[in-house]
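Taking it in order: structure first as structure tokens, then the write-up.
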Amino acid sequence: MMKGAQKPRLSEAALVSALRQEARALGFDAMGIAPSELSQEVVAGLREFLTEGCHGSMAWMAETRERRSQPEALWPDVRSVIALAMSYGPAVSPLANLDQPLTANISVYARHRDYHDLVKPKLKRLARWLLAEAGGDVKVFVDTAPVMEKPLAALAGLGWQGKHTNLLSRDLGNWFFLGFVFTTLALPRDASGSAHCGRCRDCLDICPTNAFLGPYRLDARRCISYLTIEHKEPIPRHLRPAIGNRIYGCDDCLAVCPWNKFAKSASEAKLQAREDLIAPSLADLAALDEAAFRRFFSGSPIKRIGRARFLRNLLIALGNSGKQEAMTSVQPHLAAADPLVRGAAVWALSQLDRSVFEAERTPALRQEQHPWVLAEWREEPA
């Protein structure tokens, strides 16, 4: 938490105007101010999501439910929430290489440097400016604390939660990072965002794994972003074919949204994707050893999931490719020390070459001891 000295205040209108100007100068594309209290409807939605188990293995969501439900539960002194957005519009459609089975599809946000490292320093600079100009105390958050980010950003007028549950904007489409400055100052609030989805349900219909229970209702346990990033165990067998070549996240529901026609392009946005992460080769990525993985993904959010989960995702994509040449990348991982990787390699083998799979199954069943891998050789549900 940053503390500021008490000092004469600018008028509210002048302070907020100057704050917006400073936010723009720091690279933020939009700013809004929300009250420090969420509606009971939002709180009830969180409770229902958790009660139904839609958070999957993300136990931290349930453990922090009380602190997550209201900003004042997280910090009792907060009086206003400053929400900020930074565009990362892609240069090419993230759907462009889904029909290229030997290339990897990586979520647009992960083609940049880790957004925590990009956004948080700018939030701190804005917070220091606010302290210098108006005093009070502040705290900054970028997806590192139990904050109801999307409802708060909508309350601040940055956009609205679409039927895919993500925040979207008439000016930025679906492509922007969020950050927050909590302050003890009572600042004038912006009008909350209003929904503009109408009858459109493109985001719901395109989902490869049917992860939406209905408009505004996501079951994370079926979501490819959850499965490839948050889920730490074998991905359920019945969902693997629909993953295709998506090795880290999934942008289908975001990319199909009609509001993206108003989003900033990559040339206009502040952030540029790494060229080598737009459509990298599955074979090249599968060949990275631990040291090479850490070097290649230095500064990337992908590094956080670790090489084992990353290889699990790659091997599923290789198995989905249907290409015999993918076997060269799969076979070395059949002897991997990590059972998560070893099991995924067995599944990929079963998809690419049944004769080899059948030939190796009996001796493997005699030697293998880990239940995850045994389930793959036996082709049992995972």
Side-chain angles (χ1 to χ4, degrees), residues 49 53-64 88 90 94-95 97-98 104-119 142-147 149-150 164-167 174-178 203 207-212 218-237 239-255 273-274 277-278 280 282 285-286 288 293-294 296-320 338 340-341 343-344 347 372 382:
F49 178 79
C54 291
H55 59 303
S57 60
M58 295 183 288
W60 45 267
M61 292 194 72
E63 292 165 359
T64 60
Y88 64 92
L95 308 180
N97 74 332
L98 291 178
N105 186 280
I106 294 172
S107 184
V108 171
Y109 88 87
R111 298 174 185 178
H112 309 87
R113 283 177 50 213
D114 192 326
Y115 63 96
H116 299 89
D117 299 334
L118 291 165
V119 177
V142 189
D143 192 32
T144 52
V147 176
E149 294 174 328
K150 291 177 285 187
H164 53 14
T165 75
N166 291 290
L167 198 74
N174 290 253
W175 312 113
F176 53 96
F177 297 125
L178 292 173
C203 60
C207 181
T209 52
N210 297 313
F212 296 105
L218 172 69
D219 186 343
R221 294 168 294 186
R222 297 185 63 88
C223 175
I224 293 174
S225 288
Y226 163 80
L227 293 169
T228 56
I229 300 172
E230 300 291 347
H231 189 58
K232 299 178 181 179
E233 297 185 358
I235 293 172
R237 292 178 67 91
L239 295 176
R240 294 173 192 171
I243 289 175
N245 65 341
R246 301 170 186 84
I247 65 161
Y248 188 93
C250 176
D251 288 329
D252 293 31
C253 63
L254 303 179
R274 282 174 49 175
L277 293 183
I278 293 177
L282 289 175
L285 295 177
L288 297 174
F293 168 80
R294 296 179 67 83
F296 187 74
F297 290 110
S298 176
S300 164
I302 295 174
K303 184 179 176 182
R304 291 202 305 271
I305 69 170
R307 181 168 173 263
R309 261 187 282 173
F310 181 70
L311 282 173
R312 174 201 62 187
N313 300 342
L314 279 172
L315 288 161
I316 288 175
L318 287 163
N320 284 331
D338 194 304
L340 185 65
V341 177
W347 182 83
W372 288 352

Any heavy-atom pair between the side chains of [Y] and [X] that's under 4.5 Å?
X	Y	answer
Ile278	Pro90	no
Ile247	Leu282	yes
Glu230	Ser57	no
Val142	Tyr115	yes
Ser300	Tyr248	no

By side chain to side chain donor-acceptor pair (under 3.5 Å), which residues pair with [X], not counting sequence neighbours?
X	result
Arg246	Asp252
Arg113	none
Asn210	none

Treating [X] as the side-chain partner and [Y] as the backbone partner, does any N or O pair qualify as donor plus acceptor under 3.5 Å?
X	Y	result
Asn313	Thr228	yes
Asp338	Ala308	no
Arg312	Glu233	yes
Arg237	Trp347	no
Thr209	Arg222	yes

Could you measure the distance from the [atom1] atom of [X] to the [atom2] atom of [Y]? Nearest 0.5 Å is fine.
X	Y	atom1	atom2	answer
His55	Leu218	NE2	CG	13.0 Å
Asn166	Asn174	CG	CG	7.0 Å
Leu98	Cys250	CG	SG	7.5 Å
His231	Arg309	NE2	CZ	9.5 Å
Leu311	Ile316	CG	CD1	11.5 Å
Lys303	Asp114	NZ	CG	10.5 Å

Taking all non-hydrogen atoms of both residues into account, name the closest pair between [X] and [Y] and its distance.
X	Y	result
Ala104	Asn97	O-ND2, 3.0 Å
Pro94	Ala255	CG-CB, 3.6 Å
Pro234	Leu340	N-CD1, 3.5 Å
Leu285	Pro280	CD1-CG, 3.8 Å
Gly56	Arg221	CA-CG, 3.5 Å
Leu277	Ala110	CD1-O, 3.7 Å

Is NZ or CZ of Arg274 both nearer than 6.0 Å to the six-membered ring centre of Phe296 and within 45° of the ring axis?
yes
Any donor-acceptor pair under 3.5 Å linking the side-chain atoms of Asn245 with those of Asn105?
no
Please say whether more than 12 non-hydrogen atoms of neighbouring residues, nucleotides or ligands are located less than 6.0 Å from CZ in Arg294.
no
Is the distance from the ring center of Tyr88 to that of Phe177 below 6.0 Å?
yes
Mind running side chain to side chain contact (heavy atoms under 4.5 Å, CB included) on Phe297 and Ile305 for me, showing each step along the way?
CA-CA 11 Å; Phe297 290 110; Ile305 69 170; over 6 Å; no
